[in-house]
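A short worksheet on the structure shown next.
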Amino acid sequence: MLPWRRFPLNEVNFAAQKLAFVIKYSSLIVSSGKIQDCDGMGSERVDTEGKARNKEAKMKRRKSDHGSTRAGGDAIKNNKKTPKTREKTDLGESHKKVMVFKSENLDSTISASESVKETDNDFSARKGLKRKWVQDESMDSSVIPTSKKIKHKLGENSDEERKTKKSNKKMQKKVKCEDSNECKKPKRTKGEIEEARQLKIKKKEEEEQSRWRWWEEEKYEDGVKWRFLEHSGPYFPPEYQPLPDNVHFYYDGKKVKLSLAAEEVALFFAQMLDHEYTTKKVFRENFFKDWRKEMTDAERSLIQDLGKCDFGEIHAMHKAKVEARKNMTKEEKQALKEANQKIVDEFGYCLLDHHRERIGNFKIEPPGLFRGRGEHPKQGMLKKRIQPEDIIINCSKEACIPVPPAGHRWKEVRHDNTVTWLVSWTENIQGSIKYIMLNANSKLKGEKDWEKYEVARKLKSCVDNIRSQYRSDLKSRQMSTRQRAVALYFIDKLALRAGNEKEEGETADTVGCCSLRVEHITLHEQMDGKEYVVEFDFLGKDSIRYYNKVPVIKKVFKNLKLFLENKQPGDELFDRLYTSMLNKHLSSLMPGLTAKVFRTYNASITLQEQLKELTNKSDSVAEKLLSYNRANRAVAILCNHQRAPPKTFDQSMATLQSKIDARKEQLALAKSGLKQAKKEAKAKGSSEFKLQTLVERKKAAVKRCEEQLLKMEIQATDREENKQIALGTSKLNYLDPRISVAWCKNMGLPVDKIYNKSQRDKFAWAIDMTEVDFEF
DNA sequence: ATCCGCACTTAGAATTCGGGTC
DNA sequence: GACCCGAATTCTAAGTGCGGAT
């Protein structure tokens, strides 16, 4: 690697540092406790008008910026902002990040872009491929239930094939029975349980065999997502059931019988009464406004004050219903489960290019009160019931078009194979479009996912150049270029999101990199013994707080100082920068490169490096898994994936601790037992066979005890470290699964130690194709 | 050139499942 | 067999970014 391509030394996160961090960060997180409230930072929020003015000014500048050459010379004098006191956001116990990693540049490896080939679209050739597939891995539609019409399309495999397959399965089952003890110990309720278990195993095998190995097929021509698509349409939630006669709503102490529409909305509110939402002013106001819209004139003139409404009985009824559900008999639960399964069978699958694919969300979202995240201005608004007349169906021309519910018709039926959705509707809160799409284990999603990681790998080979480019851009004479360079520095180093512009008043006030405001950063020439520290404090996606103190290079620091000149807290930090410009620039550096690719790249490369550093082949399984989780955790911290600590966290930790203590006692007991046995054996001479075996047995007991203790202790460490960190998001969306699969192979671990069933399904392509020596 | 609608990914919370324990 | 708890799944909000209309 050429020296000039590298980050200067103070930027490189050395392996030793990182290792120390990983070992240390657990204690940091554990000991950090509560973070200060944002408002404690002395930052002020500007009123909406102020922000709107800002935006306007930015728009004007956007037009004139071309001519500007002197950096900072044309800084805008901002309008005076009127600060507004804002309701405090309860951020809960989020962890304080003390250090964030940066991945060091690795020697570039040219990535395998060949996997994303775009060629032959000769359908007959493809057909041949497919036919081959059908023969090789016939789908047994008699086992996996489908809706009628989908089933008949599936009937491509001959009975003969089916028979052979079945007999194969029988053989497999027999073998299994012989070498496992499953057959030997029939359980209490044996018959049924055993049968169910066998059925499950069988189903699993079937699934494995019927998996569409799309990654072995050629890709379609650009833009074409499918050639044939058939489905049963959406599943609608049940109609509203009026309240029983003994449940009443009271207004101002008097019983009021509400109209059906008003009653339904009242129930939405009553259901949420235990939730904090219903105490919030904005929520209550929005709800009340929308509720009144649903009332009859008479109701509207009577019910004027939400405070006088008594939903007590409705709330109690709802709670009783929930309780009753919990207390259902086994038979009732079983019946319910079967009914649900029937719905899944009918609506949960579609047929896409001769393959049966699972749909991700085939149920229409039921009506209710909108629950935004954070301080959402629209929280509490009524989310309306979706009618078939709101629904657009997308499927093949040749397919059976799903039938709308009786007496209804679809808004539209279209046949657009350049999109992946099956059903769409427009939601009434933001006016945005909602879609029904395929499950994550589908070809459509999997292929895209694979492609995403290939783009990120491509970035690996040119990231050095890009870094040196934005570093030299820090000195650019053009203000917008400098801002772009600093933003890129943050996006790369801190894995910040792009930060698109948002419509004022439509959503919670959250920001990403390009939309950062002056109030979100504080500059410290010196802090905690470090130079040029930037302190970030803002709410990001989902109103999750990002708090971090980061030492930056001098040039970045000086630029930030410049950007802050003559600005108010509510002004934009990067007033000359837009995500569109940034992405346009990035795509000129590398095709397909956008801001979010950096997140994927840095996440995956961090995982790979961490795994390399943290794991040894000689470690025990539990230790390996702890290391894997720690590597995963390092990524989650980098990407700021937080979660509310589980409600039962303290309790479950205590339980685990008491188990550990008990095990320790047991171990001590086992040890003294061993000692005693050894003593006796020695006294009676080694000829005593019985005593010798006793010693061996005791030894084994001690060893077992020790192992179990270690395992539990590791589990406790893992859980403690994970208190407020969510691993799932990075695992599912940012970490190239091939890194994990290769690691498993290297470590001699089965993949199901790190991926559960649905994760294995989602990453089937990676599990199938990854070799031990895979390098991201 | 800019805006905006659209499509699709990413996100944490809520709910449900299922296996272990008493 | 009831109950409890962590894991898995579901749900849907909230982002990103492309590309066509203007």
Side-chain angles (χ1 to χ4, degrees), chain A residues 59 62-63 66 92 188-189 193 196 200 223 225 275 322 325-327 329-330 333 336-337 340 344 348 360-366 368 370-374 376 378-379 383 394 416 418-421 424 426-427 429-440 444-445 448-449 452 497-503 506-508 510-515 539-544 578-584 586-587 592-597 599-600 603 636 639-644 646-649 651-652 655-656 659 715 719 724-726 728-730 732-734 755-759:
Chain A
M59 298 294 184
R62 190 188 245 178
K63 283 172 190 160
H66 275 285
R188 303 148 280 167
T189 25
I193 289 181
K200 225 173 160 183
K225 306 292 169 68
H275 204 287
V322 172
R325 255 179 83 90
K326 254 191 352 205
N327 294 331
T329 64
K330 230 168 87 183
K333 277 184 185 165
L336 197 70
K337 208 175 156 183
N340 280 333
V344 174
N361 57 325
F362 58 89
K363 287 178 178 166
I364 296 284
E365 293 172 19
F370 176 76
R371 306 152 82 123
R373 311 253 167 107
H376 202 294
K378 295 193 170 182
Q379 60 182 298
K383 208 171 96 164
N394 190 32
D416 182 356
T418 66
V419 294
T420 66
W421 53 268
S424 76
T426 302
E427 150 268 4
I429 304 288
Q430 317 275 3
S432 63
I433 307 171
K434 298 258 181 169
Y435 302 94
I436 289 183
M437 290 181 188
L438 295 188
N439 185 278
L444 248 26
K445 295 284 183 189
K448 204 76 188 295
D449 215 30
K452 172 182 78 186
R497 294 188 187 83
N500 280 324
E501 288 164 273
K502 295 171 74 181
E503 216 172 320
E506 295 289 301
T507 59
T510 62
V511 296
C513 186
C514 294
S515 49
L539 298 181
K541 181 177 177 180
D542 293 320
S543 294
I544 297 289
Y578 301 87
T579 50
S580 52
M581 282 162 52
L582 184 74
N583 282 334
K584 208 172 156 194
L586 288 174
S587 71
L593 186 61
T594 62
K596 93 186 182 94
V597 178
R599 246 166 109 80
T600 313
C639 295
N640 200 38
H641 291 144
Q642 299 186 37
R643 63 166 181 174
K647 285 183 194 97
T648 53
F649 185 83
Q651 199 197 331
S652 79
T655 317
L656 188 57
K659 272 187 187 167
Q715 192 189 354
R719 202 182 286 178
Q724 338 191 22
I725 299 172
T729 304
S730 48
L732 241 43
N733 300 301
Y734 289 104
Y755 287 143
N756 67 32
K757 175 79 174 75
S758 47
Q759 289 164 345

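Residue numbers begin at 1 in each chain, while the letters A, B, ... track the order of the sequences.
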Rounded off to whole Å, could you give me the NZ-to-P distance for the A:K333 and B:dT16 pair? 11 Å
Are A:R719 and C:dG6 close enough that a side-chain N or O sits under 4.0 Å from OP1 or OP2? yes
Considering every strand and a 4.0 Å limit on heavy-atom distances, what is the contact class for A:G540: base, sugar-phosphate, or nothing? sugar-phosphate
Pairing residues for A:K452 by the salt bridge (charged side-chain N to carboxylate O under 4.0 Å, His left out) criterion, not counting sequence neighbours: A:D449
Using atom NZ of A:K659 as one end and atom C1' of B:dC22 as the other, report the distance to the nearest whole Å. 12 Å
Looking at A:H641, does any N or O in its side chain come under 4.0 Å of the phosphate oxygens OP1/OP2 on B:dA11? yes
Does A:R599 make a side-chain N or O approach to OP1 or OP2 of B:dT10 shorter than 4.0 Å? no
For A:K659, enumerate each residue passing the side-chain hydrogen bond (donor to acceptor under 3.5 Å, both in side chains) test, keeping only those at least two apart in sequence or located in another chain. none
Using whole Å, report how far NZ of A:K541 lies from P of C:dG15. 7 Å
Quick test: give all pairs of protein nitrogen or oxygen and nucleotides 9-12 of chain C nitrogen or oxygen below 3.5 Å, distance rounded to 0.1 Å.
residue	atom	partner	partner atom	Å
C:dT9	OP2	A:S758	OG	2.3

Here the distance between atom C1' of B:dT10 and atom CZ of A:R497, to the nearest Å, is 8 Å
Residue set satisfying side-chain hydrogen bond (donor to acceptor under 3.5 Å, both in side chains) with A:R373, at least two apart, ordered chain then number -> A:D542
Sugar-phosphate only, base, or nothing, as touched by A:K337 at under 4.0 Å among non-hydrogen atoms: sugar-phosphate
Considering every strand and a 4.0 Å limit on heavy-atom distances, what is the contact class for A:A508: base, sugar-phosphate, or nothing? nothing
With sequence neighbours left out, what residues match A:S758 under side-chain hydrogen bond (donor to acceptor under 3.5 Å, both in side chains)? A:N756
If you compare every side-chain N and O of A:R325 against the phosphate oxygens of B:dT16 (OP1, OP2), does one of them come in below 4.0 Å? yes
Terminal helix-axis angle for the helix from B:dA1-C:dT22 to B:dC22-C:dG1, with five pairs defining each axis and rounding to 10 degrees: 10°
Minimum-distance nucleotide (side-chain atoms of A:N500 versus B:dA13, B:dT10, C:dG17): C:dG17
Looking only at the side chain of A:I544 (C-beta and beyond, no hydrogens), which of the listed nucleotides B:dT16, B:dG12, B:dC8 gets closest? B:dG12
So, A:K502 and A:T510: side-chain donor and acceptor under 3.5 Å apart, yes or no? yes
Any A:T420 side-chain N or O less than 4.0 Å from OP1/OP2 of B:dC8: yes
Listed partners of A:K448 passing salt bridge (charged side-chain N to carboxylate O under 4.0 Å, His left out), at least two apart: none
Measuring to OP1 and OP2 of C:dG17, would you say a side-chain N or O of A:K596 lies under 4.0 angstrom away? no
Think A:S424 has a side-chain N or O under 4.0 angstrom from the OP1 or OP2 of B:dA7? no
Taking the nucleotide of DNA chain C with the nearest heavy atom to each, does A:Q651 or A:H376 sit closer to the 5' end? A:Q651
Looking only at heavy atoms, what is the nearest atom pair of A:L582 and A:C514, with distance? CD2-SG, 4.0 Å
How close or far is atom P of B:dC6 from atom CG of A:D416, stated in whole angstroms? 12 Å
Closest heavy-atom pair and its distance - A:I436, A:N361: CG1-O, 3.2 Å
Could you check how far NZ of A:K452 sits from C1' of C:dG17, rounded to whole Å? 14 Å
Closest heavy-atom contact between A:L586 and A:A595? CD1-N, 3.5 Å
With sequence neighbours left out, the residues meeting side-chain contact (heavy atoms from CB on, under 4.5 Å) with A:R325 are A:L336
Which sits closer to the 5' end of DNA chain C, A:L593 or A:D542, going by the nucleotide each is nearest to? A:D542
Please determine if a side-chain N or O atom of A:S432 lies less than 4.0 Å away from the OP1 or OP2 oxygen of B:dG5. no
For nucleotides 19-22 of chain C, list the nitrogen or oxygen atoms of the protein found under 3.5 Å from its nitrogen or oxygen atoms, one pair per line.
none

A:K363: which residues meet the salt bridge (charged side-chain N to carboxylate O under 4.0 Å, His left out) condition with it, sequence neighbours left out? none
With a 4.0 Å cut-off on heavy atoms, is A:K225 in touch with a base, just the backbone sugar-phosphate, or nothing at all? sugar-phosphate
Under the ring pair (Phe, Tyr, Trp, His ring centres under 6.0 Å) test, which residues partner A:Y734, sequence neighbours left out? A:H641
Whole angstrom value for the distance that separates P of C:dA14 from NZ of A:K502: 8 Å
Just N and O in the side chain of A:Y578: are any of them under 4.0 Å from OP1 or OP2 of B:dT2? no
Which residue, A:N340 or A:K584, contacts DNA chain B at a nucleotide closer to its 5' end, judged by nearest heavy atom? A:K584
Which of parallel (below 30°), tilted (30 to 60°) and perpendicular (above 60°) describes A:W421 and A:Y435? tilted
Among C:dT16, B:dC8, C:dG17, the nucleotide that comes nearest once only the side chain of A:T594 is considered: C:dG17
A:R371 CZ to B:dA11 C1': how many Å, rounded? 16 Å
Can you name the side-chain hydrogen bond (donor to acceptor under 3.5 Å, both in side chains) partners of A:S432, sequence neighbours left out? A:E427
Comparing nearest nucleotides in DNA chain B, the 5'-proximal residue of the pair A:H275, A:N733 is A:N733
Mind checking A:Y435 for me? I need base, sugar-phosphate or nothing, with any heavy atom below 4.0 Å counting as a touch. base
